[in-house]
There are 2 protein chains.
Amino acid sequence: MNTTPKLEAAVTDLLVATGQLLRRLRAISNTRKLTWSQVAIMARLEEVGPMTIADLARAEAVKPQSMGGTLAAMEEEGLVERRPHPTDGRQILFTLTADGRETRRKVGLAKQEWLSAAFAKLKPAEQQTLISAVELIRKISDHE
Amino acid sequence: MNTTPKLEAAVTDLLVATGQLLRRLRAISNTRKLTWSQVAIMARLEEVGPMTIADLARAEAVKPQSMGGTLAAMEEEGLVERRPHPTDGRQILFTLTADGRETRRKVGLAKQEWLSAAFAKLKPAEQQTLISAVELIRKISDHE
DNA sequence: TATTGTTATACTCTATAACTATA
DNA sequence: TATAGTTATAGAGTATAACAATA
């Protein structure tokens, strides 16, 4: 027995709790609303650089068709742009536009205001625990 | 300055990372698939007891109309059932059906298998950090 | 053949707006 | 009036299935 029932229940709780947090944050209005799928895609494009539909679909654990639709909508809004792959004619590389980067920054601020207020209620040690947890959640997400 | 930039970035990362985790877990197939909205509603009904549409909408930070639609679909599937409020004729109380509780248990198992494997890769101290983080995320979610 | 991407169709969750019924 | 719920409409994100283009 590697994981106790208590441990497993805690992780389910983690997902339920974070699901709620995501929904609450989505409700925060901005000049230009971004969904969390869009936020995730834009964060990845800015951190990793140009990526194909297949890359992004794998990274976000959705089907390529789904990712294609989401990217098409974002392209329509001018948040991202497509560019043919230099050597592989099948692939299309997506990058953030200047407007995409700017929008990402602005929308981030509105959500950060709310988060900062919520965060300020926690003790410093608790804040540190949350920061440590981020890296662990990322590790778990990378599990096959 | 109560929160450092590093702290704020960490929380955004938390949301992006958990968003990915949620998407990955949704892809896990079961005999009967539940969305994470459904999982959250069912967890709440089992823990808190009978709740109205307005109660659940507030708890999950969505509009009553949205919650009404989701609950109607779940009722159609036999996961929840409605009952008039004993004294207030406007309100409707929702509870889990026996099938809802059973489904919740089964679907939970499939996701738990994946989580257990992912969890087993972490060190005990890291697992403990994640458990502690759950309560903190809940605290943050309760912020107005 | 295998991979990348597109098109078509459908379902879930969400929102806004306008409505009815009850307190 | 205020609150609880419903109905109608729309948009985003997801899935499956079938297809075309390229490697």
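We name chains A, B, ... by the order of the sequence lines, and we start the count at 1 in each one.
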If you look only at distance, which donor and acceptor atoms sit under 3.5 Å apart when one is on a side chain in residues 60-74 of chain A and the other is two or more places apart or in another chain?
residue	atom	partner	partner atom	Å
A:E60	OE1	B:R23	NE	3.3
A:E60	OE1	B:R23	NH2	2.4
A:E60	OE2	A:R44	NE	2.6
A:E60	OE2	A:R44	NH2	3.0
A:T70	OG1	A:S66	O	3.2

Within residues 50-64 of chain B, those residues having any heavy atom closer than 4.0 Å to DNA chain C are B:V62, B:K63
*asked:* Quick one, B:L136 with A:T129, criterion side chain to side chain contact (heavy atoms under 4.5 Å, CB included). Give me CA distance, side-chain angles, the key distance, then yes/no.
replied: CA-CA 9 Å; B:L136 300 176; A:T129 296; 3.8 Å; yes
Given the rule in the side chain to side chain contact (heavy atoms under 4.5 Å, CB included) test, do A:I140 and B:F119 qualify, once you have shown the distances and angles that lead to the verdict?
-> CA-CA 7 Å; A:I140 285 188; B:F119 231 79; 3.7 Å; yes
Sorted by number, residues from residues 65-76 of chain B placing a heavy atom under 4.0 Å from DNA chain D are B:Q65
Sorted by chain and residue number, the side-chain contact (heavy atoms from CB on, under 4.5 Å) partners of A:R90 (sequence neighbours excluded) come out as A:D88
Residues passing the side-chain contact (heavy atoms from CB on, under 4.5 Å) test with A:E135, sequence neighbours excluded, are A:R138
Q | side chain to side chain contact (heavy atoms under 4.5 Å, CB included) between A:R83 and A:I92, worked out | A | CA-CA 6 Å; A:R83 217 174 51 209; A:I92 296 171; over 6 Å; no
Residue set satisfying salt bridge (charged side-chain N to carboxylate O under 4.0 Å, His left out) with B:R58, at least two apart, ordered chain then number -> B:D55
Residues at least two apart in sequence or cross-chain that pass side chain to side chain donor-acceptor pair (under 3.5 Å) with A:Q38, listed by chain then number, are none
Residues at least two apart in sequence or cross-chain that pass salt bridge (charged side-chain N to carboxylate O under 4.0 Å, His left out) with B:E75, listed by chain then number, are B:R82
The side-chain contact (heavy atoms from CB on, under 4.5 Å) partners of A:P84 (sequence neighbours excluded) come to none
Footprint ends on DNA chain C, 5' to 3', for atoms under 4.0 angstrom from a heavy atom of chain B, come out as C:dT12 to C:dA23
Expected list for residues 81-91 of chain A near DNA chain D, using heavy atoms below 4.0 Å, is A:T87, A:D88, A:G89, A:R90
State whether the side chain of B:E126 and the backbone N or O of B:K123 hold a donor-acceptor pair below 3.5 Å, judged by distance alone. yes
Sorted by chain and residue number, the salt bridge (charged side-chain N to carboxylate O under 4.0 Å, His left out) partners of A:E77 (sequence neighbours excluded) come out as none
